[in-house]
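Read through the structure below, which is laid out as structure tokens, and then see the notes.
In listed order, ligands and their atoms are each counted from 1.
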Amino acid sequence: MHRVLSGIAPSGNFTLGNFLGALRHWVSFQDGHDAFYCVVDLHALTSDIDPAAVRANTLDAALNLLAIGLDPERCTLFVQSHVPEHTRLTWLLECTATMGELRRMTQFKDKGQGQEAVRVGLFTYPCLMAADILLYDASAVPVGDDQRQHLELTREVAVRFNNRYGETFTVPEAAIAGTGARVMDLQHPERKMSKSVDSPLGTIGLLDSDEEITRKVRKAVTDTDGEMRYDRAAKPGLANLLDLLAAATDRSPNEVAAGYERYGDLKNDVAAALCDLLRPVRERRARLESDLPYVHAVLSRGAAQAHEVASATYARAADAIGLLPAPPAT
Ligand code: TRP
């Protein structure tokens, strides 16, 4: 069975963009794959840290992942920092990747820009992400479109390590979603819908009520020529709405466009489809909140399962690079 691994940072409220861009594919990869999913809490430490928020957001992320339909009987769900091999392998990969490679990462350039004191961890973040992936011999990594470059770096580092020290890592492929991979902000359709950007009307939260969803879709920015056609460059607002309905109903955006004449009618159907999509998530989430011991038990079992795989890979990598085997624990 093919192994898949993916991770999401616990940086607060998940959005519809996270869901359509990556998370719903996590759910479908549970069938027919050996799936590992990880709340990457260490990745949340690369900018200003509020310890209480890190703690709360990590649990919140786990709740959301179970609420969208991850099933601990069919996948391994765990918290990154619970498996110490992630940081241990990161060091070996930091000694494999180069400054030049990391400097080219657009996410680093974007996030580091304008910051006075950029943390080393923000710079080396892609090595930690590569460790997340390589520890599990993942052959596919379902991620949003914005993670392409990090995936490419992971592949390069894996190949280099294998060439220098002997076959150690599986070289992974990205599994980027088609329609819905890039959900744009409803108010600023030229930029990605993001939980880290302050755009309350432009962002649909994973847990938004039907009323909130409907209000935001109704207010979504379109254009004034009134022509119903899918054109991302010329008509980004409308294209985003068509993409959303296409993703929610498994059709192509052109197909969706053919069914409408008026923006208002399209918006009504987008709102209804999104409400139907997110309602069950909200309901599952409410049930999980009333059973936190269950959630902690899932994470604890997940950590044990993940550790079993990760420790074997780490031992292989450490041996390949010339570290003496650790003496048995006393
Ligand atoms: N960097 C990813 C993001 O910002 C999150 C991530 C961390 C990840 N480790 C990963 C994704 C491993 C896939 C696999 O979305």
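- Closest approach of H307 and P84 over heavy atoms only: CD2-CD, 4.2 Å.
- Atoms of ligand 1 found under 4.0 Å from any heavy atom of L5 (numbered from 1 in listed order, with element): 12 (C), 14 (C).
- Of all protein heavy atoms, the one closest to atom 11 (C) of ligand 1 is G7 O, 3.3 Å.
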What's the verdict on salt bridge (Lys or Arg N to Asp or Glu O under 4.0 Å) for R155 and E152, showing C-alpha distance, side-chain angles and the deciding distance?
CA-CA 5 Å; R155 291 165 51 83; E152 202 39 54; 3.7 Å; yes
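- Heavy-atom neighbours of H2 NE2 from other residues, nucleotides or ligands within 6.0 Å: at or below the threshold of 12.
- Counting heavy atoms under 4.0 Å from ligand 1, residue L128 does not touch it at all.
- By the neighbour-count criterion of 12 heavy atoms within 6.0 Å, atom CG of D223 is densely surrounded, having more than that number from other residues, nucleotides or ligands.
- Close approach to V40 involves these atoms of ligand 1, each under 4.0 Å from a residue heavy atom: 7 (C), 9 (N).
- The distance from ligand 1 to the heavy atoms of V141 drops below 4.0 Å at these ligand atoms: 13 (C), 14 (C).
- In terms of protein heavy atoms, atom 2 (C) of ligand 1 is closest to Q147 OE1, 3.3 Å.
- Atom numbering of ligand 1 starts at 1 in the shown order; those under 4.0 Å from a heavy atom of V143 are 11 (C), 13 (C).
- Each of the atoms 1 (N), 2 (C), 3 (C), 4 (O) of ligand 1 lies under 4.0 Å from some heavy atom of Y125.
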Criterion salt bridge (Lys or Arg N to Asp or Glu O under 4.0 Å) on R316 and E167, from CA distance to verdict
CA-CA 10 Å; R316 213 160 67 218; E167 244 358 89; over 6 Å; no
Would I49 and R119 count as a side chain to side chain contact (heavy atoms under 4.5 Å, CB included) here? Give the steps.
CA-CA 11 Å; I49 300 165; R119 287 157 210 231; 3.8 Å; yes
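- The shortest contact between atom 7 (C) of ligand 1 and any protein heavy atom is with H43 NE2, 3.4 Å.
- No donor-acceptor pair closer than 3.5 Å links the side chain of R279 to the backbone N or O of D210.
- Near D132, meaning under 4.0 Å from one of its heavy atoms, ligand 1 places the atoms 7 (C), 9 (N), 10 (C), 12 (C).
- Within 6.0 Å of CD in E190 there are more than 12 heavy atoms belonging to other residues, nucleotides or ligands.
- Not a single heavy atom of A9 sits under 4.0 Å from any atom of ligand 1.
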